[in-house]
Amino acid sequence: MSRQSAPIVLDPAAGDADAENRLLRAQGPAARVDVLGVPAWSVTDPVLLKELLTSPDVSKDGRRHWPGFDEAVRTWPLALWVAATNMFTAYGGDHRRLRRIIAPAFSARRIAALQPVVEEIASRLADGLESVPAGAGTDLRERYAVPLPIAVIGHLMGVPDGRRDEFRTLVDRVFDTTVTPGEAAANTRTLYAMLDGLIAAKRAAPGDDLASALITSAEEGGEAALTEQELRDTFLLMINAGYETTVNLLDQAVTTLLSHPEQLAHVHAGRATWADVVEETLRHEPPVKHLPLRFAVRDIPLPDGRVILEGEAILASYAAANRHPDWHGAPDDFDVTRLTKDHLAFGHGIHFCLGAALARMEGETALRVLFDRFPDAELGVVRGGLRPVPSLISNGHRSLPVRLRP
């Protein structure tokens, strides 16, 4: 029997995500939720979530498997999250085809080749922070966490320097869950116009970048080629996923370390590594709280006797699952020396994030450079004074005030 009488309406502004996650977990392995007007099942039990993320009975293709798709595309502020045509929303053979095209760009060799680029970008940004006077505050999200991944994904995709801030603004709005359907639709039109411009520029003057390689694949790939819409939406996915999530990883890592100086001391003393910091941040404060949407291909029985019916929407609630008390001891504690830091921040199964190795490398490099340069940094406000970004998806702060030299 259900323990829940009515759906939990998820807060689009994420005013208190931790309290909301506790409420969701209290409903059992899954909770009925309202996602900006769309009914869904929020799955918070990590065992169940892993099963669903690897099950052929669960699809990301709303066109094929969600009766509410047509209505959502017209009226839902998050329409772009289900309407795009790329590997993020693909199912079965389509997903395998699209993933094979993109996967070589994220090989271990290519990630290793990008490490000096990330190091140079981080060092240059740290140089700019040297001008902040001792005792003065600065917004580290705006001046470090944001520009670093923008520069990295811009380098990878070949986005001209002068266009990167425009893309940043539009991507921020994709993750903002407080916008109206009209505002979201207008942002999507502007974003696609910019993507079309980037594609046209790369066709006219190809470069040694992922964007040019994808265009070549679209034009010469034979039966496996990308369609024009798949090309546009793959550009969209690469820029979205390569930017926002890494911003939040850096934001949350810095915030949590400065809120728990004893944890930073573990790193400085050699008792933990920057890789430990990154993994514990991904577990404790994953960059994405809830990821919309998946859909039941057929009826799915739940462990408590309830049933997700065919065609119903499923929300992967990564933040709630990562802190499930059955998975980790003292799950709400941030502990870089924790032996087991398993998490679902990058998803699981066939849709596991292709850019996970790049994000980890960016995080480790950026944090090392920052704290080597500013080992005595401290938060400019108490942690409770930080305001979350207005999103039930994105898990970061609107600003990150820090005193680099107290």
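For the numbers below, each heavy atom of this structure counts, side chains included, while hydrogens, waters and symmetry mates do not.
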Task: Beyond-backbone contact of V297 with R64, side-chain heavy atoms, under 4.5 angstrom - done: no

Open item on the list: To the nearest 0.5 Å, what is the distance between CZ on R232 and CG on N86?
Closed with: 12.0 Å

Task: Residues forming a ring pair (Phe, Tyr, Trp, His ring centres under 6.0 Å) with H95, sequence neighbours excluded - done: H351

Task: Side chains of T256 and Q263, donor plus acceptor under 3.5 Å - done: no

Open item on the list: Please verify the inter-ring angle class for F334 with H260; under 30° counts as parallel, over 60° as perpendicular, anything in between as tilted.
Closed with: tilted

Task: N248 and E244, any side-chain heavy atoms less than 4.5 Å apart - done: yes

Open item on the list: Please identify which of these residues, V117, L114, I239, meets the side-chain contact (heavy atoms from CB on, under 4.5 Å) condition with L156.
Closed with: L114

- [ ] Indicate yes or no: does R168 engage E142 in a salt bridge with an N to O separation below 4.0 Å.
- [x] yes

TODO: For residues P181 and T75, determine if any side-chain heavy atom of one lies less than 4.5 Å from a side-chain heavy atom of the other.
DONE: no

Open item on the list: Contact between R373 and L129 at the side-chain level, heavy atoms closer than 4.5 Å - yes or no?
Closed with: no

- [ ] Answer whether the closest heavy-atom distance between the side chains of H290 and I393 falls below 4.5 Å.
- [x] no

Open item on the list: Is there a side-chain contact between V267 and D276 in this structure, where contact means two heavy atoms from C-beta onward sitting under 4.5 Å apart?
Closed with: no

- [ ] Using a 4.5 Å cut-off on heavy atoms from C-beta on, say whether the side chain of V174 contacts that of Y243.
- [x] no

Task: D333/R338 ion pair, N-O < 4.0 Å - done: no

Open item on the list: Side chains of Q229 and T85: any donor to acceptor distance under 3.5 Å?
Closed with: no

Open item on the list: Checking R283 against H343: is there a side-chain donor and acceptor pair closer than 3.5 Å?
Closed with: no

Open item on the list: I need the full list of ring-ring contact (aromatic ring centres under 6.0 Å, His included) pairs touching residues 137-182, with sequence neighbours left out, sorted by first then second residue.
Closed with: W81-F175

Open item on the list: Please determine whether a side-chain nitrogen of the Lys or Arg among E183 and R173 lies less than 4.0 Å from a carboxylate oxygen of the Asp or Glu.
Closed with: no

Open item on the list: Distance alone, cut at 3.5 Å: any donor-acceptor contact between the side chains of T169 and D172?
Closed with: no

Open item on the list: To the closest 0.5 Å, what do you measure between CG (D34) and CG (L315)?
Closed with: 11.0 Å

TODO: Inspect the surroundings of CG in D208 and state if more than 12 heavy atoms from other residues, nucleotides or ligands are less than 6.0 Å away.
DONE: no

Open item on the list: So for atom CZ, which belongs to R387, do other residues, nucleotides or ligands contribute more than 12 heavy atoms lying within a distance under 6.0 Å?
Closed with: no

Task: N21 and S317 side chains, donor-acceptor separation under 3.5 Å - done: no

Open item on the list: If we ignore hydrogens and angles and just use 3.5 Å, is the side chain of D376 paired with the main-chain N or O of R405 as donor and acceptor?
Closed with: no

Open item on the list: If you define the side chain from C-beta out and look only at heavy atoms, does anything of L344 sit under 4.5 Å from N322?
Closed with: yes

